[in-house]
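Presented below is the structure to which this report refers.
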There are 2 protein chains.
Amino acid sequence: MALREKPGSGLELTRRFEKSFGFFWHATHQQIYRILARMVDAGDLTVEVVGQAGRPDKKVYRVTPAGERTLADWLATPAPMEQFRSDLAVKMRGASYGDRAAVLDVLRAHLVDHHVRLGHYLQLEKEYGTDPGSLDDQTRDQYLVLRGGIRLEEFWIGWVSDYLRAHGDDPATTAPAPAPTPASSPTSGPDDMTQGEIR
Amino acid sequence: MALREKPGSGLELTRRFEKSFGFFWHATHQQIYRILARMVDAGDLTVEVVGQAGRPDKKVYRVTPAGERTLADWLATPAPMEQFRSDLAVKMRGASYGDRAAVLDVLRAHLVDHHVRLGHYLQLEKEYGTDPGSLDDQTRDQYLVLRGGIRLEEFWIGWVSDYLRAHGDDPATTAPAPAPTPASSPTSGPDDMTQGEIR
DNA sequence: GAATCCCTTGCAACTCGTTGCATAGGTGTG
DNA sequence: CACACCTATGCAACGAGTTGCAAGGGATTC
């Protein structure tokens, strides 16, 4: 996978993944392990078991030339448009079949979540300095993806604010998060919870 | 499900679903059938087999009072934030591990797709008239969800345009779709293709 | 008249992803 | 010392969703 260009073990990768890909792709260690195993089968990776002092052994994975080719191919492959799918949209759409006030509550909660995230992302954005044009290619890509995250949060905030407003609610009371986390917050970030029921 | 408030059969629902939910939730007839069966088990729906002249029998599903309660409960249930997940983001992020020009091509293709969709949605938006405030609750919800679709397309267009621009590409050449489909296009709409490889 | 398509329902098999649990040694806390 | 926790890997089971295929009759087309 695009980030495995630096070798590492399953858990390491999981964490690296979470940290750098976190907000636009989440994966559990389980998934990573399984995919890693599959990729070894396919010849895209090699494994090397490394013993560690005072710790369980770990398996260090490395990308093979074939793997690099696979990756390059994948990158050049046109992907079909992504299917947007959202419980929240369903709730907005179907609000009149239930307690509208309750739905608005749910939306308001989401709104603050998105504000929090946005604040977090904006914080991260600062770390790229004032002139993104001066960054090297890889870092610029990172920056641009982060910009996407920011735009995404703005999209959500705009949308549900619209909805709330149209239903006589004042989204401004769900204030634009005042002071975000001081510098870098270790515990914060894209906190994911378990999935809810669907339909 | 939020739309099954009007009775109908599996295939009918599938089509209704596609038409009204289409762009923010896609479901195949298979899924619908299975979920329908499950909901009958759960007591949220009743079935009635209806014979038709010159056609296979169909099963008409209806929501029970218990089903309405289930739905209302679901609507009021706070859902955890949705996990954004995007191949495209991965490609942008990892473009330097492959042929960047090819990635830009992929992005350009997406850009036109999103422009097309946006055009389509804007067309639909017109049908709601000039004063959305005057709509009844249900129709307004429909309208507001459509607004979300529009915002979503704008998000995508903004994002990938940013990316292209940052990499010396001029997104304007991927022009803002000139003349959209004349009035209502039967064959167009959220056209979905099969999924591509992941990671 | 034959071929083809549509309608309706459904089965089987698969992928992707999640959750819960197990193992097995090492470290830190009360 | 016991308990909880971290690291590291992994199994088993499940749920959601997709694809391919089937059956059986009606309608359309050549």
Side-chain angles (χ1 to χ4, degrees), chain A residues 1 7-18 21-22 24-42 45 47-61 79-87 90 186 191-199, chain B residues 1 7-18 21-22 24-42 45 47-61 79-87 90 186-187 192-199:
Chain A
M1 201 313 86
S9 71
L11 260 205
E12 276 167 30
L13 287 177
T14 308
R15 278 192 284 267
R16 199 129 61 80
F17 211 85
E18 194 59 31
F21 271 44
F24 67 99
W25 202 290
H26 168 77
T28 62
H29 65 121
Q30 283 306 335
Q31 235 198 111
I32 303 273
Y33 282 135
R34 271 199 287 162
I35 287 165
L36 249 24
R38 198 205 305 155
M39 289 173 80
V40 171
D41 281 0
L45 299 179
V47 216
E48 183 200 353
V49 179
V50 175
Q52 300 183 106
R55 296 179 162 209
D57 295 354
K58 66 178 180 179
K59 294 179 170 181
V60 174
Y61 292 89
M81 253 217 268
E82 280 143 37
Q83 185 40 52
F84 179 62
R85 202 164 261 212
S86 166
D87 276 27
V90 179
D191 46 356
D192 41 329
M193 311 169 57
T194 51
Q195 276 287 96
E197 265 293 306
I198 286 181
R199 76 165 15 92
Chain B
M1 196 325 77
S9 73
L11 260 205
E12 276 167 29
L13 287 177
T14 308
R15 278 192 283 267
R16 198 127 64 79
F17 212 86
E18 194 59 30
F21 272 44
F24 68 99
W25 203 290
H26 168 79
T28 62
H29 66 120
Q30 283 306 335
Q31 232 197 114
I32 303 272
Y33 281 136
R34 271 199 288 162
I35 287 165
L36 249 25
R38 197 205 304 154
M39 288 173 81
V40 171
D41 281 0
L45 298 179
V47 216
E48 184 200 352
V49 179
V50 175
Q52 298 182 105
R55 294 178 161 211
D57 295 354
K58 66 178 180 179
K59 294 180 170 181
V60 174
Y61 292 90
M81 253 216 268
E82 279 143 39
Q83 185 41 52
F84 179 63
R85 203 164 260 213
S86 166
D87 276 26
V90 178
T187 50
D192 40 330
M193 310 169 59
T194 51
Q195 276 286 99
E197 265 293 305
I198 287 181
R199 77 166 11 94

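A:Gln83 and B:Trp25 make their closest contact through NE2-N, 3.7 Å (heavy atoms, listed as atom of the first residue, atom of the second, distance). In this structure, B:His26 and B:Gln31 approach most closely via the heavy-atom pair O-NE2, 4.3 Å. What you find for A:Ala27 and A:Ile32 is that their closest heavy atoms are CB-CD1, 4.0 Å.
The OH-P distance, from B:Tyr33 to D:dT19, rounds to 17 Å in whole Å. Residue B:Glu48 contributes atom CD, which lies 13 Å from atom P of C:dT9 at whole-angstrom precision. In this structure, A:Glu12 atom CD and D:dC6 atom P are separated by 17 Å, rounded to whole Å. For the pair A:Gln31 CD and D:dG15 P, the computed distance is 18 Å after rounding to whole Å. The interatomic distance linking A:Asp57 (CG) with C:dG25 (P) rounds to 11 Å, in whole Å. Counting to the nearest Å, the P atom of C:dT8 and the CG atom of B:Leu13 are 11 Å from each other. Remark: C1' of C:dT18 and CD of A:Glu18 are 14 Å apart, rounded to the nearest angstrom. A straight line from NE2 of B:His26 to P of D:dT19 spans 7 Å, rounded to a whole angstrom.
The side chain of B:Leu11 sits closest to C:dT9 out of C:dT9, D:dT9, D:dT18. Closest to the B:Trp25 side chain, of the nucleotides C:dT18, D:dG17, D:dT9, is D:dG17.
Residue whose closest nucleotide on DNA chain D sits further toward the 5' end, between A:Lys58 and A:Arg34: A:Lys58. Along DNA chain C, the nucleotide nearest to B:Arg85 and the one nearest to B:His29 differ in position, and the one closer to the 5' end is contacted by B:His29.
For the OP1/OP2 pair of C:dT19 and a distance below 4.0 Å, the side-chain nitrogens and oxygens of A:Thr28 include no atom meeting the criterion. Between B:Arg38 and the phosphate of D:dG15, there is no side-chain N or O to OP1/OP2 separation shorter than 4.0 Å.
Contact check for B:Phe84 versus B:Glu82: no side-chain heavy atoms found under the 4.5 Å cut-off. Annotation: side chain of B:Thr14 is not in contact with side chain of B:Tyr33 (no heavy-atom distance under 4.5 Å).
If you check distances only, the side chain of B:Gln30 does reach the base of C:dG10 with a donor-acceptor pair under 3.5 Å. No hydrogens or angles were tested; on distance alone, nothing pairs the side chain of A:Arg15 with the base of D:dT7 as donor and acceptor under 3.5 Å.
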